[in-house]
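Input: a single structure, listed below in structure tokens.
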2 protein chains.
Amino acid sequence: MSASPTMSEQWLSTLQNSGYRLTGPRRVIVEIMAACERALGPLELFDLGRKEQPGLGLVTVYRTLEKMEELGLVQRVHQPNGCHMYLPAARGHQHLIICQQCGKAEYFEGEDMEAFFNQVAGEHGFTLREHWLQLFGLCANCK
Amino acid sequence: MSASPTMSEQWLSTLQNSGYRLTGPRRVIVEIMAACERALGPLELFDLGRKEQPGLGLVTVYRTLEKMEELGLVQRVHQPNGCHMYLPAARGHQHLIICQQCGKAEYFEGEDMEAFFNQVAGEHGFTLREHWLQLFGLCANCK
DNA sequence: TGTATAATTGAAAAAGATTTTCATTATCAA
DNA sequence: TTGATAATGAAAATCTTTTTCAATTATACA
Ligand SMILES: [Mn+2]
Ligand SMILES: [Mn+2]
Ligand SMILES: [Zn+2]
Ligand SMILES: [Zn+2]
């Protein structure tokens with residue numbers, strides 16, 4: 001009777017099945033991100049990771065984020081200042097609402113908008129290839 | 001019989017009326033941006049500007065963009081890589097559709113969406129303070 | 001018209017975020 | 001157990017943007 005695999009175990013399997021090796025630093029980073037409810041920047045993740053893995057390098061954080069993004073495990077959050085933060089990826093295509101105070105992030109769907117976006121693009125003679133929608137505000141706790 | 005003021009003359013007046021001085025470098029940057037139909041990055045703007053004003057410094061480009069943004073003359077375009085580009089600002093709140101090939105940008109309205117965004121925020125317990133919507137694709141020329 | 005003052009300029013240095021290089025170490029298939 | 005090779009972290013390099021600073025210039029006003 002084995003318990004259902006945790007999120008971080010799933011992510012580690014995904015990495016391994018994709019040909020990546022499982023290492024201490026990688027495990028720590030994956031475990032933190034898989035359990036994360038708010039957007040984290042590379043430096044924040046680095047600081048959290050070092051508590052578990054003192055020798056951890058910031059480069060490894062960047063490299064692991066890159067792989068997790070490539071595998072669709074995490075997704076980038078665009079910040080107004082240009083820096084990026086990361087969140088566990090939503091399944092399917094979803095959009096984000098992010099608390100400007102504490103970083104808490106939640107996903108929402110917007111199927112109805114996709115049609116609207118395509119229509120707008122068509123009216124301007126554009127072929128739509130990508131879109132970005134993020135809402136910013138204050139979460140229930142922070143307001 | 002004076003002709004109606006050009007866009008760049010208007011922008012220069014706005015700068016002057018806001019207490020900023022009119023200088024050669026500033027004029028050149030304003031003239032390029034006011035006539036621009038595609039999103040420009042600071043370095044591109046710098047290269048264009050140097051043709052008119054050989055001694056121009058990149059710092060002055062950044063500083064002038066900052067002032068034009070503050071006065072609502074230009075608006076930032078967020079790029080996926082984190083860097084910023086700039087466009088003449090739309091009047092009122094509009095959204096952008098940008099060509100990934102040539103940078104051509106057009107505005108579109110989305111009043112109907114604002115209500116939807118507020119509803120989404122409310123459902124998640126958030127108070128909405130800002131939103132970002134940008135569409136990316138290929139313009140008629142580029143596809 | 002000069003002149004004083006404060007704004008503006010560009011070079012250079014600094015700051016930050018991210019990426020690259022490289023020698024060493026660790027994983028894992030055989 | 002071992003060997004090929006992936007992964008690591010330190011350090012250096014990149015790239016964009018900001019700050020500092022001494023010299024120059026626009027502009028209000030005498
Ligand atoms: Mn969407
Ligand atoms: Mn941005
Ligand atoms: Zn919050
Ligand atoms: Zn185009």
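Protein chains get the first letters and strands the later ones, always in sequence-line order, with residue 1 at the start of each.
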**Request:** State the CG-CD distance between B:Leu65 and B:Glu70, to the nearest 0.5 angstrom.
**Result:** 12.5 Å

**Message:** Categorize A:Leu56 for me: base, sugar-phosphate, or nothing, with a 4.0 angstrom heavy-atom threshold over every strand shown.
**Reply:** sugar-phosphate

**5' priority, DNA chain D, between A:Gly55 and B:Val59 [closest heavy atom]** = A:Gly55

**Item:** Neighbour count above 12 (heavy atom, 6.0 Å) for B:Asn81 CG
**Value:** yes

**Prompt:** Passes side chain to side chain contact (heavy atoms under 4.5 Å, CB included), B:Ile29 versus B:Met68? Steps please.
**Reply:** CA-CA 10 Å; B:Ile29 295 167; B:Met68 291 190 291; 4.0 Å; yes

**Request:** Give a yes/no on whether any side-chain N or O of A:Gln79 is located under 4.0 angstrom from OP1 or OP2 of C:dA17.
**Result:** no

**Request:** Could you check how far CG of B:Leu15 sits from P of C:dA7, rounded to whole Å?
**Result:** 15 Å

**Asked** Could you give the distance from CD (B:Glu114) to CG (B:Leu133), rounded to the nearest 0.5 Å?
**Response** 9.0 Å

**Request:** Would you check if B:Arg27 and B:Gln53 make a side-chain contact, meaning some heavy-atom pair closer than 4.5 Å?
**Result:** no

**Message:** Which label fits A:His95 and A:Phe117: parallel for a plane angle under 30°, tilted from 30 to 60°, or perpendicular past 60°?
**Reply:** perpendicular

**Prompt:** How many Å lie between CG on B:Leu12 and P on D:dA26, as a whole number?
**Reply:** 14 Å

**Item:** Between P of C:dT18 and NE2 of A:His84, the distance in whole Å
**Value:** 8 Å

**Request:** Could you identify which residues of residues 20-35 of chain A place a heavy atom less than 4.0 Å from some atom of DNA chain D, listed by residue number, or say none?
**Result:** A:Tyr20, A:Arg21, A:Thr23, A:Pro25, A:Arg26

**Message:** Just the rounded figure in Å: distance from C1' of C:dT8 to NZ of B:Lys67.
**Reply:** 8 Å

**Prompt:** What integer distance in Å separates B:Glu69:CD from D:dT17:P?
**Reply:** 12 Å

**Message:** For the backbone of B:Pro80 and the side chain of A:His84, can you confirm whether one donor and one acceptor N or O come within less than 3.5 Å of each other?
**Reply:** yes

**Fill in**
Whole-Å distance, B:Asn81 CG to D:dT16 P, equals 8 Å

**Interatomic distance where CG belongs to A:Leu58 and P belongs to C:dT20 [whole Å]** = 14 Å

**Message:** Categorize B:Glu66 for me: base, sugar-phosphate, or nothing, with a 4.0 angstrom heavy-atom threshold over every strand shown.
**Reply:** nothing

**Item:** Plane angle bin for A:Trp132 and A:His78 - parallel if under 30°, tilted between 30 and 60°, otherwise perpendicular
**Value:** tilted

**Degree of bending, the helix from C:dT1-D:dA30 to C:dA30-D:dT1 (end axes from five pairs; round to 10°)** = 30°

**Prompt:** Can a side chain N or O of A:Gln16 be found less than 4.0 Å away from OP1 or OP2 on C:dT27?
**Reply:** no

**Request:** Have a look at B:Gly41 and say if it touches a base, only the backbone sugar-phosphate, or nothing, with a 4.0 Å heavy-atom cut-off.
**Result:** nothing

**Message:** Checking contacts here: which listed nucleotide (C:dT19, C:dA11, D:dT16) is nearest the side-chain heavy atoms of A:Tyr62?
**Reply:** C:dT19

**Prompt:** Is the count of non-hydrogen atoms from other residues, nucleotides or ligands lying under 6.0 Å from A:Glu37 atom CD greater than 12?
**Reply:** no

**Request:** Report the distance from atom NE2 of B:His124 to atom CD1 of A:Ile97, rounding to the nearest 0.5 Å.
**Result:** 6.5 Å

**Complete:** note: B:Leu65, atom CG; C:dT9, atom P; distance rounded to Å ~ 12 Å

